[in-house]
Amino acid sequence: MNNKTYITTTLPYVNAEPHIGHALEFVQADTIARYFRQKYGKENVFFNVGTDEHGQKIFKKAQEENISIQQFVDKYSDRFKEYCKLFFVEYDNFYRTSTKEHAQIAQKFWEICKKNGDIYKKQYSGYYCVGCERFITEKELIDGKCPDHGTEPELKEEENYFFRLSKYREILLKWLEENPEAVKPQNAYDELKKIVSEIEDISISRIKEHLPWGIDVPNDPAQVLYVWFDALTNYVASIGFGTNEEKFNEWWPNTIQFFGPDNLRFQGAIWQGMLASAKLPHTKKLLRHGMVLGADGRKMAKTLGNIVSPFEQAEKYSAEIVRFYLLAGISTFADGAYKEDDLVNMYNARLANNYGNLLNRVIHLANAKEVNINEEQNVEREFKQKVDEYKNEIEKAYEELEIFLALEKVDELADWGNKYITEKEPWSKELTKEQCQTVLNNLSYLLKIVSQLYYPAIPISANKAKEALEKREKIILFNKL
RNA sequence: GGUGGGAUAGCUCAGUCGGUUAGAGCAUGGGAUUCAUAAACCCAAGGUCGGUGGUUCGAUUCCACUUCCCACCA
């Protein structure tokens, strides 16, 4: 049986510093990657992240900063690498779209679509907003002005290449009908169906003269690939598409793509259409996570002064605590407000008071009573059954990408452990040594499982906890905040 | 502006395919206790389920409108 799972995030566009939303996505994907690695082995997971480095905005930003574009993208790409490191995001591949190799594969993808009759040239005339740097449809205009900038767009004419996305409308709808599990959560699935039912052909190139920073259209150096067409191909390129078919065929069938609410159209409709055109299978699982909002429940914005800096947060609380909060305190799929009070409460309640404290109770008592623990074969059957029941439920949640839910249940299991130890009173002098040993050994098994199930979210602490238990060393893993 | 999604205890969220007293965790208050990070354990209080109207014997759950929030609009 092939257990290989390929996990990829969206490639962030490198026109600015990483923000907390990037952390959410990276950390979610990393958690799932770690879960699968732990469960099925390292060799069965391939985790891709990277940066999207072409397009108008980057071109312009580099000019503003007065450095070469390559320097600019190198700088920001490095920032994202550091960012991953900061939050313990352990990727197998960091993909960059500004490499020569990527250009070749994106062009190859283009040629396949072209060969299959899905790319054609069309005179395009429309309203162009300089502020947005894009064409705006007539429907979008408000009083003849751009809805975002309030300025009057210019009439502009351009000959572009178009992708025959409309050809795949029915095919994609059928795919969705037949695979209700393909998109998480349910409302993203519903939304995608609606988007797909209305898809039209899309422009997939730009005139090079306007945008010198991009990948040349094959056989037409006057045009460059539209940045989205170019970037989307990374999902297959990173696992060998166009370079290593065997590797590609091994990984692609079981793919999980993580992305944000603004990306549903691209990952769910356009990319799936591109895959269909290239005669490749659709993505197995699309996970649309939510948006991290400011503490006031509004979208973070400079003008609202509610921006949460991931760097400051990591500095203030430690990156792992921030990581834990993003996973356990903010819904996996819905928008959620980042509130420091919640972070503190959640950390104290779940990690310090519940998990960390139970760990110390058990280690301390085992040492004081000089009894054996960590003997899995001696765990009472009924107790083991109960713990394994939790374990199965939690693993099921992880497999279904329900991270928030999984972590809630891990907390429940630790909580049950605290109730158990209170009820059994292994500190009581009325218990025989054997009875005491049974209780503490049972609990050592529970703690091992809890640590294992917490590991994908808080890898460093969970490993330390496991070690402390094995060595019977009492430590304060989670200092209260 | 158009379209889609959301609004349930102080906070984070479950839930109701319409039906007697709407659930959990955290936070709060009280009790009991001390093996442990003054942690854990037990109990309690907390909500006209965003607003208005409609369908219905009955709506938090269905429908319409409305307010606020989020996203998208090649």
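Since the model is a prediction, treat every value here as computed from it, not as a measurement. Reminder, nothing fancy here: chain letters follow the sequence lines and each chain counts from 1.
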So, for A:Phe478 and A:Tyr355, is the gap between ring centers shorter than 6.0 Å?
-> yes

From B:C11, B:U37, B:C35, nucleotide with atom closest to A:Asn357 side chain | B:U37

If you check the A:Asn187 side chain, which of B:C35, B:C72, B:G5 turns out closest?
-> B:G5

Please tabulate, for the side chains in residues 212-223 of chain A, all donor-acceptor contacts under 3.5 angstrom to protein atoms that are two or more places apart in sequence or on a different chain.
| residue | atom | partner | partner atom | Å |
| --- | --- | --- | --- | --- |
| A:Trp213 | NE1 | A:Glu53 | O | 2.5 |
| A:Asp216 | OD1 | A:Lys208 | NZ | 3.0 |
| A:Asp216 | OD2 | A:Lys208 | NZ | 3.4 |
| A:Asp220 | OD1 | A:Ala222 | N | 3.2 |
| A:Asp220 | OD2 | A:Lys121 | NZ | 3.4 |
| A:Asp220 | OD2 | A:Tyr161 | OH | 2.6 |
| A:Gln223 | OE1 | A:Ser205 | OG | 2.5 |
| A:Gln223 | NE2 | A:Glu159 | O | 2.4 |

Starting at atom CG of A:Asp342, determine the distance to atom P of B:C13, rounded to an integer number of angstrom.
-> 8 Å

Within residues 401-413 of chain A or reaching into it, pairs that qualify as side chain to side chain donor-acceptor pair (under 3.5 Å) - sequence neighbours excluded = A:Lys184-A:Glu402, A:Asn354-A:Asp411, A:Glu393-A:Lys409

Can the ring centres of A:Tyr455 and A:Tyr35 be said to be less than 6.0 Å apart?
-> no

Side chain of A:Leu365: nearest nucleotide among B:U37, B:C72, B:C35?
-> B:C35

Out of B:C41, B:C69, B:A71, which nucleotide sits closest to the side chain of A:Arg298?
-> B:C69

For B:A32 versus B:A22, give the span between their C1' atoms, rounded off to a whole number of Å.
-> 31 Å

Show your reasoning for whether ring-ring contact (aromatic ring centres under 6.0 Å, His included) applies to A:Phe163 and A:Trp228.
-> CA-CA 12 Å; A:Phe163 176 67; A:Trp228 269 105; over 10 Å; no

Separation of atom CZ in A:Arg361 from atom P in B:U37, rounded to whole Å = 11 Å

Contact class for A:Phe404 (heavy atom, under 4.0 Å): base, sugar-phosphate, or nothing?
-> sugar-phosphate

At a cut-off of 3.5 Å, list every protein nitrogen or oxygen paired with a nitrogen or oxygen from nucleotides 22-31 of chain B, distance to 0.1 Å.
none

Enumerate, in order of first residue number, the stems that involve RNA chain B, defined as 3 or more consecutive Watson-Crick or G-U wobble pairs with both distances under 3.5 Å.
-> B:1-7 with B:67-73, B:10-13 with B:23-26, B:28-31 with B:41-44, B:50-54 with B:62-66

Rounded to the nearest angstrom, tell me the gap between atom NZ in A:Lys480 and atom P in B:U37.
-> 12 Å

To the nearest angstrom, the CD-C1' distance between A:Glu340 and B:C11 comes to 15 Å

Check ring pair (Phe, Tyr, Trp, His ring centres under 6.0 Å) between A:Tyr338 and all other residues, then give those that pass, not counting sequence neighbours.
-> A:Tyr325

Taking atom C1' in both B:A7 and B:G51, what distance in whole Å separates the two?
-> 11 Å

Would you kindly give the CD1-to-C1' distance between A:Ile476 and B:C35, to the nearest whole Å?
-> 14 Å

Write down the distance separating the P atoms in B:C57 and B:U16, rounded off to the nearest Å.
-> 25 Å

Contacts of A:Lys299 and A:His364 projected onto RNA chain B by closest heavy atom; the upstream (5') one is A:His364

Between B:U12 and B:A27, how far is it from one C1' atom to the other, in whole Å?
-> 11 Å

Separation of A:Asn263 atom CG from B:C72 atom C1', in whole Å?
-> 11 Å

Please tell me which of A:Ile330 and A:Lys194 maps to the more 5' nucleotide of RNA chain B, matching each residue to the nucleotide holding its nearest heavy atom.
-> A:Lys194

Hey, what do you get for CD1 (A:Ile476) to CG (A:Asn360), rounding to the nearest 0.5 Å?
-> 5.0 Å

For atom P, what is the distance between B:A64 and B:G18, given to the nearest Å?
-> 16 Å

Taking only residues at least two apart or on different chains, which pairs with a member in residues 456-465 of chain A satisfy side chain to side chain donor-acceptor pair (under 3.5 Å)?
-> A:Glu320-A:Ser461

Using a heavy-atom cut-off of under 4.0 Å over every strand shown, decide if A:Lys369 touches base, sugar-phosphate, or nothing.
-> nothing

Whole-Å distance separating the CG atom of A:Leu293 from the C1' atom of B:A7 | 13 Å

Using atom P of each nucleotide, how far apart are B:C11 and B:G50 to the nearest Å?
-> 14 Å

Give one of base, sugar-phosphate or nothing for A:Glu191, where a contact means two heavy atoms less than 4.0 Å apart.
-> sugar-phosphate

Testing B:C70, B:C13, B:G4 for proximity to the side chain of A:Asp335, the answer is B:C70

Check: A:His289 ring centroid to A:Phe333 ring centroid under 6.0 Å = no

Heavy-atom pair of closest approach, residues A:Arg361 and A:Thr422 = NH2-OG1, 3.9 Å

In whole angstrom, give me the gap between the P atoms of B:C65 and B:U21.
-> 32 Å

